Amino acid sequence: MDYNFTEIEPRWQNYWREHGVYHIDNRSDRPHYYVLDMFPYPSGAGLHVGHPLGYIASDIYARYKRLRGFNVLHPMGYDAYGLPAEQYAIQTGQHPAVTTEQNIARYREQLDKIGFSFDWDREVRTCDPRYYKWTQWTFIQLFNSYYCNQAQQARPISELVEVFAKQGTDGFDLACTEEMHFSAEEWNQWDEARRQQVLMNYRLAYLADIPVNWCAELGTVLANDEVVGGLSVRGGYPVERKLMRQWSLRISAYAQRLVDGLEQVDWTDSLKEIQRNWIGRSEGAAVWFPLYEPSNANVLPGVQAYMPQFDPQPVPSFEIFTTRPDTIFGVTFMVLCPEHELIDSITTPEQRQQVQDYVNWAKNRSERERQAEVKKVSGVFTGAYAVNPLTEERIPIWVSDYVLAGYGTGAIMAVPAHDSRDFAFARHFGLPIRQVVSLEKDVTSDPATWTESMDAKTGYSVNSGFVTGMKVKEAMAAVIDKIEQMGIGHRTVNFRLRDAIFSRQRYWGEPFPIYYKGNTPYPIPEECLPLELPDVKEFKPTATGEPPLGHAECWAWDEQNRRVVEKRLIDNKTVFPLELSTMPGFAGSSGYYLRYMDPHNDSAYFSPEAVGYWQNVDLYVGGAEHGTGHLIYARFWNKFLFDLGMAVKEEPFQRLINQGMIQGRSNFVYRSKADNNLFISKGLIKSMDDVTPIHVDINIVDNDVLDIDRFRQWRPEFADARFEFEDGKYVCGWEVEKMSKSMYNVQNPDDLVARYGADTLRLYEMFLGPVEQAKPWDTNGIEGVHRFLKKFWKLFERVCSGECVVDSSREQALPTTHYPLPTKEELKVLHQTIKKITDDIERFSFNTSVSTFMICTNQLTDLKCGSREVLEPLVVLIAPFAPHIAEELWHQLGHDTTVFDAAWPQYDPQMLVEDTVKYPVQFNGKMRFTIDLPAACTQQEALEAVKEAPEAAKWLTGEPKKVIFVPKKIINIVC
RNA sequence: GCUCUGGUGGUGGAAUGGUAGACACGAGGGACUUAAAAUCCCUUGCCCGCAAGGGCGUGUGGGUUCAAGUCCCACCCGGAGUACCA
């Protein structure tokens, strides 16, 4: 019987579904293991060949863990909210829910064909009210929480209300939008609206006027990770900075914990590094620089008198952040960002016009222009001066857009000798440059001769008052100590990570469970969740520029009756307007892994029992492109839920594997420039200038050889094509590009499953190369893998057909000659295979596993192996990779149960013993060889072992002359 | 610029510091067949040689080691992330 995958695969897929083979309970005596894939956004294009790569890898691991005796949670769902469905809706009027539903159905069909072991009973969809109920719920918890920097933990905001009434802000270090100081008396005097306004400053989900990334084309704001190079990631539209009132998540409060947590997880170094860079922790000092005021006699001398951190400050001053406090003696000017609040008050009348012009110019520049012109130096002098608190020198204050409002305090001390940007600025405007760090002690040169600044944090301080002669690191500490002692600054840490903007002016997303009394937002009661997404007539913004939810007629909150009512009933006494923005894409994906643990729970996000059993995700597989988005947000979300006492592990994803992106492999034909109907085979082209490369559909190319007939039919203009052949064929060129329709290089898995079967597709995707490596999709080798499966199938033919008796337990009862008992060689092949496959899977090296199966199959075929003892374990070994063929063979070997209830075979180390003598070489007339030792032992024991080893006997005569010994292995024996 | 990756045949890629190029594709040759498909066998890093055999080979140059694709230093080239982040 032939290997008939078209019959086998659907049959077993049905069996698995009907028998609920992959249904997983939250209760088990077995140890637990959680394997998670990043769930897909169900786009209209369906799955392409890159999607399943990670899913297949995780499925292999999940199935393997199951065979190793684990209770394996392996769920799948859909990240169903998103922009494409909404844009499609705007164009066609088709409701996004409908398109989403259709796309999900198609995804499911495609996924099922590949034979995954997902527990579909646990499916979640982010657009399902039963799911987003808990997204909204978490938002309310964030709204009702603040972050205590001292405890490094989120806490209920109600606690803060009590404390403010008793002692004001005194003695508290809270994560906030802006520093506030007030007393209990003040708090108690304020009215409700004012208090709410103050609390908003501390909530973890807060509403604030903030500069946002506004994308006019998309009609919405975007988070920082959704903008690259001043353009939106989706669509590539220009993005501008705009001040808008928006919901944000105070993710910056968790910056330190997000950095620290990376130490505890088993991720690739590169991904950890991406996150560290994104969070951007830098240590340094905050220093107050007093303004120089000639009218104020107190200013000089004696800067100690200012003590500017006390309020009211005796002298106006402003705060800067620096990572190089040691260079404070080299400050020759100060720079404020154009948005700095101090600019207006310090600019002198003579400079006013210039400064105003500059500030206006800078503000009107788009983010994209600004980034494109980074190299251009611009700025203007304010006419004002500051005082260097350590040298008491007067230093000019400039305004320039190379200082960013969003980082640090938006003001810097410029040290042109030791900062490249300050250096460029100083050179451009002819400002002085003073060297304060030198590679060698007491050696200086004239900065006027420098072509670049000396930025490295190495060497010694020079020209630097009391730190002169110290090493840079010592000088840093000494300067900070000094300014702390003077009370004009302190050691501090700055993060690049900004709060996540959480509002989107879109329809297809989770509605905020928020209504407004006047300007004050209130959450709707938790018992009333979910707040369901209302229907709208149109998906565009309204005529007045409101988000699409502005079209909803039934979108107001009746506070007394606790329900959504029609908007016309708004009276601002009992019925209030609801929030019109929706949540961003990352809202729904931030906690879905927890919901899988207990997906049908109506009364809680997930039960303590469920999370207590599963803990966190043991293995997460997905693309590295989520490094600065989803993977940061999800970690934040989890840490917050951890603070609430809900999540039991602080880090959600213990081990993370990034599957590499699958690129497209495009094919080209080359049209002669001289003759528009002539196509020249690749090898015959003399010069690329003579031909035009044209993308050709990869489906009419086989191993880079063009199918001439199909090419002529492909497009009318090629109907009369003529060719210059090489060796009777037309050979196409190829290139690695993005997979895209316009390049005719998209491969969808269905075609391949139909042609070769799911098992072949699974094996081939793994065989392509390391899971973690980016690689072009290339079907050229798929035949080889398919051929292997046929050989594998054939290996079982004799056993399955009954030609060999398959039950060795009856050995005693029947003549031995009927039973092909395993030979030593066969067993050796088997045990080597078990060891290799087990190691490979643990290392996530699935490409080598496939090779191992091929080698094993070839060897056993050569040995004419018909022994059940050898072949049966092989079925179990291959089951994670090719589950359908494994089930079928398992069944034909006479088992009633599924192969996934079998146990993973163990190898016998005795079977793997090799000749231990290796690498014998002649060396200066002496013999040298190496011996492998089985375990750690002393040199003496090792020598005894060597003398007894039969393999060594022929080399070793008498005592060895010299032995180089390394534990576990004798490196060298000279005799 | 900074950070992270990677550089091995015609191609995808193997190699706990231990015989580099496993396995597969492609290519060439052969068997079976009336023929084709399918299947099977042989050859296939480069150079010299009829052969036996020899020489050279993991981006470049050094180093450590009995032994380096692998470890260390410097450089060159690709890919990714990030970027006036003070």
Side-chain angles (χ1 to χ4, degrees), chain A residues 2 228-229 268-278 280-282 284-285 320-324 327 335 337 370-371 373-378 400-404 406-415 418-422 424-425 452 455 494-498 624-625 627-628 658 660-661 663 665 703-705 727 734 736 763-764 767-770 772-785 787-788 790-791 794 839 843 845 847-858 861 918-921 923-924 926 928-930 932 962 964 966 968-969 971-974:
Chain A
D2 282 343
V228 171
T268 61
D269 288 341
S270 82
L271 188 63
K272 286 185 185 181
E273 208 52 39
I274 287 171
Q275 292 219 335
R276 279 196 201 102
N277 288 343
W278 186 257
R281 183 183 196 275
S282 43
I320 60 100
F321 172 73
T322 179
T323 53
R324 293 296 302 274
T327 62
V335 187
C337 66
R370 202 186 60 75
Q371 288 190 9
E373 294 169 10
V374 156
K375 292 278 177 291
K376 272 194 189 166
V377 177
S378 71
S400 172
D401 67 352
Y402 86 88
V403 174
L404 303 179
Y407 185 76
T409 56
I412 61 156
M413 61 176 215
V415 185
H418 305 290
D419 182 285
S420 56
R421 295 150 305 177
D422 298 344
F425 194 84
E452 57 182 359
D455 292 12
N494 240 302
F495 294 95
R496 207 185 71 99
L497 184 72
R498 320 277 169 85
E625 67 271 20
T628 54
N658 288 124
M661 251 204 291
Q663 297 143 308
R665 186 181 190 274
N703 273 329
D704 292 338
V705 174
D727 304 328
W734 61 273
V736 173
L763 283 169
Y764 188 60
F767 188 63
L768 217 47
E772 300 177 71
Q773 189 177 305
K775 52 202 166 271
W777 176 255
D778 174 1
T779 50
N780 286 345
I782 199 166
E783 294 280 354
V785 173
R787 216 168 286 160
F788 152 70
K790 285 197 259 187
K791 283 185 209 164
K794 213 165 168 198
D839 291 350
R843 289 189 302 138
S845 175
N847 54 334
T848 53
S849 311
V850 180
S851 297
T852 306
F853 281 125
M854 289 177 175
I855 296 166
C856 167
T857 303
N858 286 340
T861 304
K918 282 187 187 168
Y919 327 110
V921 283
F923 180 73
N924 287 352
K926 287 170 252 171
R928 168 187 293 152
F929 62 92
T930 301
D932 279 334
K962 185 183 163 196
I964 300 171
V966 174
K968 279 202 172 179
K969 180 185 270 184
I971 290 289
N972 249 317
I973 296 171
V974 182

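Every value quoted in this text rests on a predicted model; they were computed, and no experiment measured them. We use all heavy atoms of the structure for the numbers below, so side chains are in, but hydrogens, waters and symmetry mates are not. Note on naming: letters A, B, ... go to the chains in the order of the sequence lines (proteins, then strands), and numbering restarts at 1 for each one.
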Short side-chain N/O contact from A:K790 to OP1 or OP2 of B:U39, under 4.0 Å
yes
Considering all heavy atoms of both residues, which atom of A:P776 and which atom of A:R665 are nearest to each other, and what is their separation?
CB-CB, 4.4 Å
Check A:V415 against A:D422 and note the closest heavy-atom contact, atom names and distance.
N-OD2, 2.9 Å
Closest listed nucleotide, where the reference is the side chain of A:S851 and the choices are B:C84, B:A86, B:C23
B:C23
Suppose we define a pair by two distances each less than 3.5 Å, Watson-Crick or G-U wobble; what does B:U39 pair with here?
B:A31
May I ask you to decide if the ring planes of A:F321 and A:Y407 are parallel, tilted or perpendicular, using 30° and 60° as cut-offs?
perpendicular
If I pick the P atom on B:C72 and the same atom on B:C4, what distance separates them, to the nearest angstrom?
13 Å
Has the side chain of A:Y402 got a donor or acceptor atom that lies under 3.5 Å from a matching backbone atom of A:V377?
no
For the side chain of A:W278, counting heavy atoms from C-beta on, which of B:A86, B:C4, B:A83 is nearest?
B:A83
Under a 3.5 Å cut-off for both distances, is B:U58 Watson-Crick or wobble paired, and to whom?
none
Whole angstrom is fine here: how far is it from CD1 in A:I320 over to P in B:A86?
12 Å
Side-chain donor or acceptor of A:T323 paired with backbone N/O of A:G284 under 3.5 Å:
no
Applying a 4.0 Å non-hydrogen cut-off, can you work out what A:R787 is touching in the nucleic acid: base, sugar-phosphate, or nothing?
sugar-phosphate
With the side chain of A:R843 defined as its heavy atoms from C-beta on, choose the nearest nucleotide among B:C23, B:A15, B:A86.
B:A15
Measure from CZ on A:R665 to C1' on B:G12 and round the result to the nearest Å.
10 Å
Could you check whether any side-chain N or O of A:K775 sits under 3.5 Å from a backbone N or O of A:P770, counting only pairs where one atom can act as donor and the other as acceptor?
yes
Classify A:V403 by what it touches in the nucleic acid, base, sugar-phosphate, or nothing, heavy-atom distance under 4.0 Å.
base
Could you state the atom-to-atom distance from CD1 of A:I782 to P of B:C25 in whole Å?
12 Å
With syn defined as a glycosidic angle within 90° of 0 and anti as the rest, where does B:G6 land?
anti
Which nucleotide in the list B:A14, B:A24, B:A86 gets nearest to the side chain of A:S282?
B:A86
B:A80 - base-pair partner by Watson-Crick or wobble geometry, distances under 3.5 Å:
B:U3
Considering only the P atoms, how many Å lie between B:U11 and B:G7, rounded to the nearest integer?
15 Å
Between A:R496 and B:U82, is there a side-chain N or O to OP1/OP2 distance below 4.0 Å?
no
Atom-pair distance (CG on A:N277; C1' on B:G1), nearest Å
13 Å
Nearest listed nucleotide, side chain of A:D401, among B:C84, B:A22, B:A86
B:C84
Spacing of the C1' atoms in B:G55 and B:C41 (rounded, Å):
31 Å
Say you pick atom P in B:C46 and the same atom in B:A22; how far apart are they, in whole Å?
13 Å
Check: A:L271 main-chain N/O paired with A:T268 side-chain donor or acceptor under 3.5 Å
yes
State the pairing partner of B:U65; accept Watson-Crick or G-U wobble contacts with both distances under 3.5 Å, and report none otherwise.
none
Hey, does A:I412 reach any base, or is it just sugar-phosphate, or nothing, if we go heavy atoms under 4.0 Å?
base
Any strand is fair game: report the nucleotide pairing with B:G49 by Watson-Crick or G-U wobble, both distances under 3.5 Å, or none.
none
Closest approach of A:V335 to A:A414 (non-hydrogen atoms, all atoms of both residues):
CG2-CB, 4.3 Å
Mind checking the P distance from B:G12 to B:C84? Whole angstroms is fine.
36 Å
B:G12 pairs with which nucleotide, Watson-Crick or G-U wobble, both distances below 3.5 Å?
B:C23
Would you mind telling me which of B:A86, B:A14, B:C23 lies closest to the side-chain atoms of A:N847?
B:A14
Counting side-chain heavy atoms from CB outward, which of B:C23, B:G81, B:C25 is closest to A:N780?
B:C25
Tell me whether the side-chain N/O atoms of A:T848 come closer than 4.0 Å to OP1 or OP2 in B:A22.
no
Below 4.0 angstrom from OP1 or OP2 of B:G13, is there any side-chain N or O of A:Q773?
yes
If I pick the C1' atom on B:G61 and the same atom on B:C76, what distance separates them, to the nearest angstrom?
10 Å
Between A:L404 (CG) and B:U82 (P), how many Å, whole number?
16 Å
How close or far is atom P of B:A86 from atom CZ of A:F495, stated in whole angstroms?
12 Å
Quickly work out the A:Y402 OH to B:G1 P distance and round it to whole Å.
21 Å
Counting any heavy atom closer than 4.0 Å, what does A:P776 reach on the DNA or RNA strands: base, sugar-phosphate only, or nothing?
nothing
May I ask you to verify if any side-chain N or O of A:N658 is less than 4.0 angstrom from the OP1 or OP2 atom of B:G81?
no
Could you state the atom-to-atom distance from CG of A:D778 to C1' of B:U11 in whole Å?
8 Å
Would you mind telling me which of B:A86, B:C4, B:A22 lies closest to the side-chain atoms of A:I855?
B:A22
For a quick check of understanding: with a heavy-atom distance under 4.0 Å over all strands, which category does A:K791 fall into, base, sugar-phosphate or nothing?
sugar-phosphate
Ignoring the backbone of A:I274, work out which of B:G81, B:G12, B:C25 is nearest its side chain.
B:G81
